[in-house]
Structures are given as structure tokens and as C-alpha cells.
Number of protein chains: 2
Amino acid sequence: MDIPPRHSDHETHASCALRSRGDDCRFCGVRHLSICQALNINELDQLEKMASDSVFEERAVLFREEDEVSSVFNLTAGVARLIRSLPDGRRQVTGFALPGDFLGISLEKTWRYTAEAVTPLVACRFRRSNFEAFSEKNPHLIKKMHEFASQELNMAQDHMVLLGRLTAEEKLASFLVEMKKRWARVAGHEPGLIRLPMGRQDIADYLGLTIETVSRVINQMQRDRKLVIVPDGVRFVDQSYFDDLAL
Amino acid sequence: MDIPPRHSDHETHASCALRSRGDDCRFCGVRHLSICQALNINELDQLEKMASDSVFEERAVLFREEDEVSSVFNLTAGVARLIRSLPDGRRQVTGFALPGDFLGISLEKTWRYTAEAVTPLVACRFRRSNFEAFSEKNPHLIKKMHEFASQELNMAQDHMVLLGRLTAEEKLASFLVEMKKRWARVAGHEPGLIRLPMGRQDIADYLGLTIETVSRVINQMQRDRKLVIVPDGVRFVDQSYFDDLAL
DNA sequence: TGTCAGCATTGACGCAGATCAAAAGCGTCA
DNA sequence: TGACGCTTTTGATCTGCGTCAATGCTGACA
């Protein structure tokens, strides 16, 4: 796969999501979002020596549920879906990983979910053994990882409320508001366009709905002039409608 | 509230669930289950000096969502429900805390859920500031807390699958199997009786169902000779039925 | 420029579980 | 012992979302 060159005209455009570490952590575009924020320049240098950039094309599998955790990843560009599957094929997307997100926070031996690239994707990769040894020597990195895990736990609990108690309309509204906030964090400002690189099926599996219901609800929102559907995302027309409905 | 005396005849009986630390962490009945397992005798001594036993009666609130985290808790006896509420009164029980569980693992400033005693309850209580200072000096405690948080994150992800993708019957089966496993861990052996100290409404709010559906499904299971309903719990008759259905 | 494959959308219909309502247990206390 | 309050159970009915099926859209490639 070819990595397109960097652009600066539009931070949130798909082709620009591919920013890599560029072999120097000091200039990493997602450092301030990632666990690396816990490290000083020296530690960053050390960590950098263990890192390698990994590139995945769309649909590529980063790792599978039950696989041994041989590497951990710091996402620098692109989007991944995190999936738990049932034996009969039912799927639950437990989350979407965005730039700055860390995969392997739990330091367990085997992965508990599958990660697949939703878009072309770049990740800063560490061998698990190296990373664990490094974190062992840097307690404030562990602390930071714990903070990240706590944050994830919060999001997981929010998601339980969504799955257990919200209507289809509320689920969609919450999802769109969540994506808006998360992209804002990545871009550093509120985006006009809410990028939705994942397909309707992924959204359905994230929200505990069917693809038909997702489609119906979003299109109804468009008919009701709450949003407009654009290629690769949506644009809010009536922000307060979403604020009122979202979790 | 009076704390009934200790019994030894039946570990899982309600009245015996009230075992406290007894002012000496070394003899704590839940040490091997709790984060304290990370500590050696010296550290345990130090921590003990900061601990105080807190007793809550049934229905008492340990803390509320949004409250400042002034204390953290190590549950030594009893059961608590952890609740997130929506403005309109809808509730999601995000979990049940059993002896050995730690409340406040995330070290955040405010609680993200409400905790209420389902049964009379004893918890080992630490002032947050003390506990945080202590953990700062004991990296392996942080590591252990991170392990516990990771474990919770796993359970949360399991629960997302349950909420998003399982049928009512599968949800109930999964819940009962989960409670059986958790009580087994606390008791140190597989209990014949699966204690369910929480009411039907709590179970419904945990599983994303209504109380009527919970009641119907459990009673149907009894009619189908899969289990028998007894005071304060259930007893499996057809274990393989549950193993097949559960997540 | 046409064909094809993979989504997404739309419509008709069905059903699992919600809602509404009533009755039955069951522990507490006078 | 009986009355009260709370929880659970059961029944009847409704409905939000799933299921099934067809059609439309878009981008890739010949």
C-alpha cells in the first residue's frame, strides 16, 4: 500500500489521516493524545528505539481474539474497529480506535478482541516484552496506562447504558455526538464534518442494532432536517436535537 | 445496625457474609481476592494504619455519581450494586460488587456511578488522599490496580456483548453462570446454591430487560426443569443447559 | 461505457420483549 | 392474627425493532 503524502489543507480528510511518527517521536502528531505524553525527552528516545511503524491496509487484521499478545500498538493514523464475536457469528463492536489510542493497555497474555483496520492505518508498534520491561522501569508510564484504562472503563460503562437502556434514535444520536467529540480531540478543533469511515454494519454492531435500523434512523434524521448525510460522514444541522437525545 | 456474629457452618449464607477485616489485615478473609494480595507484610501493616472498617446497612448509599471521591473502598463482606442513571429515571446496573472487589480503582476525582448496599455490607475504607500517596510509593500496588482495572474492562466488554447481542434467555443464563463463578471464587469452592441477594429489578437493570421479563424467563426455566428457585437464589438442575446458552 | 460486487436504502411483515394491569407471596408489626 | 407495604408473578396486549426481500447507488475494472 502507498502512503499518501501529508497535506495540511484539511486535517480531518481521510487521505490526511495517515500521519506516521516519522521516525522521531518528538514530532509525533499524536504524542499529546497518547500514553507517550507521560514521558520526557530521554524516555521518549529510549522508547523510540523499540518502536517500529506498522502500516495496515483497509480490512487488515491487526490481531485476533485469543491470539497471543506479541506486540502492542499506539495508533498514529486511521481507524480500527474492535470486535468480539459469538460462535454463531453475532458480533459486538466494543469500540473504535482513533489516532492516539493504545491497543494492549491491559498487558494481558492474550487479546480479548479482534482489531481490524477500518481505513488504511499506521500504528507505532512495540514488542510486548520490550514494552513491558520498559514500563516496569517507568512507574509513571504504568500510572498513565492506568489512567487510560480507567478512561476506557468509563467509556465502557457509558456504552453499557447506551446498549441496555437507550432507544435506536438515542443510540444513533449518542454515537454521532461521541464521534464528533473524539474527532474534535484528534483534530484539536470542532469539525464541521463528522467523519464516519466505518460502514453501517459496524455502526449497527457497535450500537446493538441491525444495519436496516441504523439506515432508517439516520435517513429519518436527514428527512427531519436534523443532519445531512455526506460522503464519508454526516453534518449536524440541529445540534441541540442531538445534545438533547445523546447520553 | 447490628452485625451478626461470625458463623462457620455455611460460608455463603447471608448472615455470614459479614466478615470484617477484624483490625488485622493479615487475617483478612478477602486478602487473597483483593488488591492487597500485591502487598507484603510490612506494606500491609502500613496500609492497615490508614484503613477503617465501614459498615453499611441494606439500601445504604456508599457514594453517588458525581460525588467527589473522598474515600476508596475494599469490599470485605456483602454485595453492592453499581448504578448509572439517566435523567428520566432509566437505570443501568453496570455491575455488582462482591467481597474482594475494590471501588475507586480509577483514582479519578469524581465517582462515575452510584454504589448502594444490596445486603448489609462491610468495606475497608481509605481516605483517597492517603491511599493515593501510598500507591504512589508502591508501584507494584499501582500495577495490581491496573491488573484489576484491566480485568474489569474485560468484564465490561463481555457485558457489552451480552447487552447488545444476547436474547433474554441467554442474558439470564449468562448472568446466573457469572454469579455462580464469582461466588465460587469468593467461597473457594463451587456453591450448590447460587446466591442472588439482589432483587429482580436490579437483575433486570443489569441485563437491560424489564422486571417482568426477568421473572418470566427464570420461572420458565424452572418449569422446564433447568433450575429451581429457592429463597435468596437458585439451584442449577441442568448445568449443561446453562453452559450452552451462556456467553 | 457497461458490468459487477459490495454497500446502503426502502418496504412489508413478524415477533421478542415492553407495557399495562391485576393478583399472589411474604415479611413486618400492631 | 390480620392488615399493610413491598416484591414477584402472571396474563393480555402493544410496539420498536428485527427479519426478509427487493431495489438503488457507487466505485472498480474490463
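A, B, ... follow the sequence lines: proteins, then strands. Residue 1 opens every chain.
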Mind checking if A:Arg90 touches a base, just sugar-phosphate, or nothing, with heavy atoms under 4.0 Å?
nothing
Only counting residues at least two apart or in another chain, list the ones meeting side-chain contact (heavy atoms from CB on, under 4.5 Å) with [X].
X	result
A:Ser70	none
B:Gln151	A:Glu108, B:Asn154, B:Met155
B:Gln201	B:Arg91, B:Ala204, B:Asp205, B:Ile211
B:Asn74	B:Ser34, B:Ile35, B:Cys36, B:Phe102, B:Cys124, B:Phe126

Rounded to the nearest angstrom, tell me the gap between atom [atom1] in [X] and atom [atom2] in [N].
X	N	atom1	atom2	result
B:Ile203	D:dT7	CD1	P	14 Å
B:Glu58	D:dC6	CD	P	14 Å
A:Gln201	C:dA5	CD	C1'	17 Å
B:Asp232	C:dG27	CG	C1'	14 Å

Sugar-phosphate means primed atoms, P, OP1 and OP2; the rest is base. With that split, encode nucleotides 9-19 of chain D 5' to 3' as B, S or - using protein heavy atoms under 4.0 Å.
BBBB----SSB
Does any N or O in the side chain of A:Arg90 come within less than 3.5 Å of the main-chain N or O of B:Arg165, such that one atom is a donor and the other an acceptor?
yes
Tell me every residue that passes ring pair (Phe, Tyr, Trp, His ring centres under 6.0 Å) with B:Phe96, counting only those two or more places apart in sequence or in another chain.
B:Tyr206
Residues two or more places apart in sequence or in another chain: which of them pass ring pair (Phe, Tyr, Trp, His ring centres under 6.0 Å) with A:Phe148?
none
Axis deviation across the helix from C:dT1-D:dA30 to C:dA30-D:dT1, five-pair ends, to the nearest 10°:
30°
Among all residues two or more places apart in sequence or in another chain, which pass the side chain to side chain donor-acceptor pair (under 3.5 Å) test with B:Ser85?
none
